[in-house]
Amino acid sequence: MLDKSELARYERQILIPGWSKSGQEKLKKAKVLVAGVGGLGSAILTYLAVAGVGRIKIIDGDKVELSNLNRQVLHSDKDIGRDKVDSAKEKLEVLNPQINVEAIKETIDENNVFDILGDYLIVDAMDNLPARFLLNKVAVKKKLPLFHGAVYGFEGRATTVVPGKTACLRCLYQGVIPGKIPVVGVTPAIIGCIQASEVLKYILGIGELLTDRLLIYDGLSMKFSEVRLKRDPNCCECR
Amino acid sequence: MMNVTIKISSLFRKFTDGQEFVKVTGNNTVECLHELEARFPKIKRWLYDKQGNLRPQIWFFVNGQKISADDLTKPLNDGDELFFVLAISGG
Ligand SMILES: [Zn+2]
């Protein structure tokens, strides 16, 4: 049940067709894991927190650095040197004291990923492909949805994976070209908000998901386009 | 030979003098790319690795549908649109 202050806090979104109080209760009961508290993670977490996702788990093994601050808006100068998950948890609990945030200061690997992910919905806000593949592996094995986003400069991508039904990340990626990734904060903010929108819609059961669709955002020409994906019958993960 | 329009994604437009659409002719994706490279040779470094193989980090789409490596030599139709993007992974 939602208490009086929750009804007031979420009043405007409860007005959205298909949302209602019961939708808000679904959000309150929902468990969402956000892997990576960088540029994408900052946007995703901010909006999932204020929307009232009841249990949010965040995982990141890094500490805040000055060069993060052009895009990772959950952190600020006074957080430099702190664990990113602690810095993020503190801000999120200020944004919405009525949710529960669990911070895990670890780098995910083969050994810990299954336990950490549990039965949480998985949001892929990582900055490297091997870690994304680990999340994808667990998503496919446990049949948990995975909300993917990636950025480069002014360009961004997003897709939603529903294992057993849609293409997975391994159907799509055969590596990326190495090197330091240029990025401006607005790009992960836009893509992160798209991922967060997908999470909310999934929990509420409303709208159409970005399943088997890759959204391509080009900030320089300011165009969104979309292409269709399909499962790779030879995929090493989901076939 | 089929008339094919190649849509150039933003990261590659610096190699095509800023053009978003380039019209080429070819019977399949590989042939269309050869014409694109002949006109804009600097794009080659991004499309192929040092051994001269098409990079698996480039995703190809025909009429908005992702195609696999096996489809690169499949026949295209007149009026098809070919589009390719670089796989990215920043967060
Ligand atoms: Zn797959």
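None of the values given here were measured: they were computed from a predicted structure.
At a 4.5 Å heavy-atom cutoff, B:Ser68 makes no contact with chain A through either its backbone or its side chain. Proximity to chain A (any heavy atom under 4.5 Å) is shown, for B:Leu11, by both the backbone and the side chain. No part of A:Val183 comes within reach of chain B, as not one of its non-hydrogen atoms sits under 4.5 angstrom from that chain. Only the side chain of A:Ile181 has a heavy atom closer than 4.5 Å to any heavy atom of chain B. Of the atoms belonging to A:Ser225, it is side-chain heavy atoms, and not backbone ones, that fall under 4.5 Å from chain B. The parts of A:Leu172 that come within reach of chain B are both its backbone and its side chain, each placing non-hydrogen atoms under 4.5 angstrom from that chain.
A:Ser221 places none of its side-chain heavy atoms less than 4.5 Å from the side chain of B:Glu20. No side-chain heavy atom of B:Arg13 sits under 4.5 Å from any side-chain heavy atom of A:Leu220.
Taking 4.5 Å as the heavy-atom cut-off, the residues of residues 36-60 of chain B that approach chain A are B:Trp46, B:Arg55, B:Pro56, B:Gln57, B:Trp59, ordered by number. Residues of residues 64-77 of chain A placed with any heavy atom under 4.5 Å of a heavy atom in chain B are absent; none qualify.
The shortest non-hydrogen separation linking A:Lys230 to B:Lys66 is CE-O, 3.8 Å.
Of the possible polar contacts, none joining the A:Arg228 side chain to the B:Phe61 backbone as a donor-acceptor pair under 3.5 Å is found.
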